[in-house]
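For the numbers below, each heavy atom of this structure counts, side chains included, while hydrogens, waters and symmetry mates do not.
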Amino acid sequence: MTDALANSLAAAPVQSAPAARVRSYWGGVWQRLRYDYVTLFCIALIILIVLSAVFAPWLAPFDPYKSSMAHRLRPIGYRQFLLGTDEQGRDMLSRLLYGGRVSLLMGIVPVLLATLVGGMFGVVAGYYGRKVNMGIMRTMDIFFAFPSVLLAVAISGSLGGGITNQMLTLTVVLIPPICRVAETATSQVRNMDFVDAARATGASTTSILFTHVLINVMSPVLVYASTLVSISIILASGLSFLGLGVSPPTADWGLMLSTLRQSIYVQPLVSAIPGVAILVTSIAFNLVSDGLRQAMDVKA
């Protein structure tokens, strides 16, 4: 009976263990990100702010540019004015929603343009090295010689006010740091084995850059660029506060903060509302960038 049992066990097919499912890189990023509740909350907050700005014409209870001297500097919660009114009697909630459109535009678009231009220069400088690297990076060092705020004020003062000039100013200010990050990441990737193997197979330089180098450089560049959104919003608000950004009566958080500074002793809470909006939005973008950096770190 023992021999029969042994023979039956030997004849039985051996069931192999199910193969472990290989998780993709982005799958691992999501797996780490889904348990980061602070980052998820900040992402939801940013989505809410963006949607509020996009749908401002439908959400704003009043015309943000209609003034009323009879309702100047009303406190928060006064009758139909949920957030009070400004120095010209305009509804603060309506202007806050419309101002978010300009502030978010100034925070996101310059970062995207700077990432495109600065990332391209950084990848080229890091891959080719030598004289190309020297020429590009020494040019960027010229911009690094000036503090970002001073450089933004100087460029904006030369170009003048307006949304287009302000975007151009912020893009120029943000290109050098992104270029440096892209150059550093490319210098580390270009000497790796898979790049040498691609060269050995006769792949063209363009193919190597777009197929092998750019994919591996993209993650650190995008994570760093996400940290610059809050800086861009603060710089744009600062330029508007100094009168070098958008011109009145355009609703902009920085410009609203500037016009309300004279009324801080009359309605301090109403005067602080644009500053609170800038602070909350900047902190949310910073926390999201920190969460993305940790989630995209393979060693995490």
Side-chain angles (χ1 to χ4, degrees), residues 24-26 29 33 43 46 50 104-149 151-152 155 164-192 194-196 198-199 203-236 282 285-286 288-299:
S24 65
Y25 170 73
W26 292 108
V29 170
L33 191 62
I43 291 175
I46 290 174
V50 172
L104 291 175
L105 188 69
M106 293 299 169
I108 297 175
V109 174
V111 172
L112 293 177
L113 296 176
T115 301
L116 181 63
V117 178
M120 179 186 66
F121 280 121
V123 169
V124 170
Y127 184 80
Y128 287 100
R130 298 183 181 180
K131 294 183 179 180
V132 176
N133 185 294
M134 180 71 70
I136 293 177
M137 299 312 296
R138 295 298 78 77
T139 303
M140 297 300 165
D141 287 341
I142 295 175
F143 293 95
F144 272 113
F146 303 94
S148 57
V149 176
L151 182 62
I155 297 176
T164 303
N165 290 339
Q166 193 172 7
M167 283 187 183
L168 181 59
T169 298
L170 296 174
T171 302
V172 172
V173 171
L174 298 177
I175 284 177
I178 294 179
C179 180
R180 176 168 288 182
V181 172
E183 187 269 339
T184 302
T186 305
S187 298
Q188 297 173 352
V189 170
R190 68 173 182 178
N191 294 322
M192 291 186 174
F194 62 88
V195 177
D196 293 335
R199 293 195 191 99
S204 64
T205 302
T206 303
S207 176
I208 294 174
L209 284 175
F210 284 94
T211 306
H212 301 283
V213 176
L214 191 60
I215 293 178
N216 291 276
V217 171
M218 188 181 302
S219 294
V221 171
L222 290 180
V223 170
Y224 180 74
S226 65
T227 65
L228 297 179
V229 175
S230 59
I231 297 177
S232 182
I233 291 175
I234 293 173
L235 285 176
S282 301
F285 274 107
N286 271 333
V288 168
S289 64
D290 289 342
L292 289 177
R293 178 181 55 80
Q294 295 177 4
M296 297 176 74
D297 187 1
V298 179
K299 296 178 293 183

Spacing of Leu104 atom CG and Phe285 atom CZ [to the nearest 0.5 Å]: 6.0 Å
Validation row: Ile178, Leu228 side chains within 4.5 angstrom (heavy atoms): yes
Nearest-0.5 Å distance, CG of residue Leu174 to OG1 of residue Thr115: 8.0 Å
Chi angles and distances behind the side chain to side chain contact (heavy atoms under 4.5 Å, CB included) call for Val117, Thr171: CA-CA 9 Å; Val117 178; Thr171 302; 5.6 Å; no
Over 12 non-hydrogen atoms of neighbours within 6.0 angstrom of CZ in Arg130: no
Residue pair Ile175 / Met140, side-chain heavy-atom distance below 4.5 Å: yes
Main-chain N/O of Ala182 paired with Thr186 side-chain donor or acceptor, under 3.5 Å: yes
Pairwise side-chain contact, Pro110 with Gln166, heavy-atom cut-off 4.5 Å (strictly under): no
Distance in Å, Leu105 CG paired with Ile233 CD1, rounded so as to fall on 0.5 Å steps: 10.5 Å
Thr227 backbone acceptor or donor facing Ser230 side chain under 3.5 Å: yes
Smallest separation among heavy atoms of Pro220 and Val181, with atom names: O-CG1, 4.2 Å
Pair Gln188-Thr184, side-chain hydrogen bond (donor to acceptor under 3.5 Å, both in side chains): steps then yes or no: CA-CA 7 Å; Gln188 297 173 352; Thr184 302; over 6 Å; no
Check: Met218 and Val123 side chains under 4.5 Å, non-hydrogen atoms: no
Heavy-atom check, side chain of Tyr224 versus side chain of Ser289, under 4.5 Å: no
Atom pair CD1 (Ile155) and CG (Leu168), whose distance is rounded to the nearest 0.5 Å: 7.5 Å
Any donor-acceptor N/O pair, Ser226 side chain to Val223 backbone, under 3.5 Å: yes
Minimum heavy-atom distance Val173-Ser148, with the two atoms named: CG1-CB, 3.8 Å
Residue pair Met137 / Arg180: nearest heavy atoms and the distance that separates them: CE-CA, 3.9 Å
Derivation and outcome, side chain to side chain contact (heavy atoms under 4.5 Å, CB included), residues Val132 and Tyr127: CA-CA 9 Å; Val132 176; Tyr127 184 80; over 6 Å; no
Side-chain donor/acceptor of Glu183 to backbone N/O of Asn133, under 3.5 Å: no
Nearest atoms (heavy-atom pairs only) where Val111 meets Ala225: CG1-O, 3.4 Å
Minimum side-chain heavy-atom gap Ile43-Ile46 below 4.5 Å: no
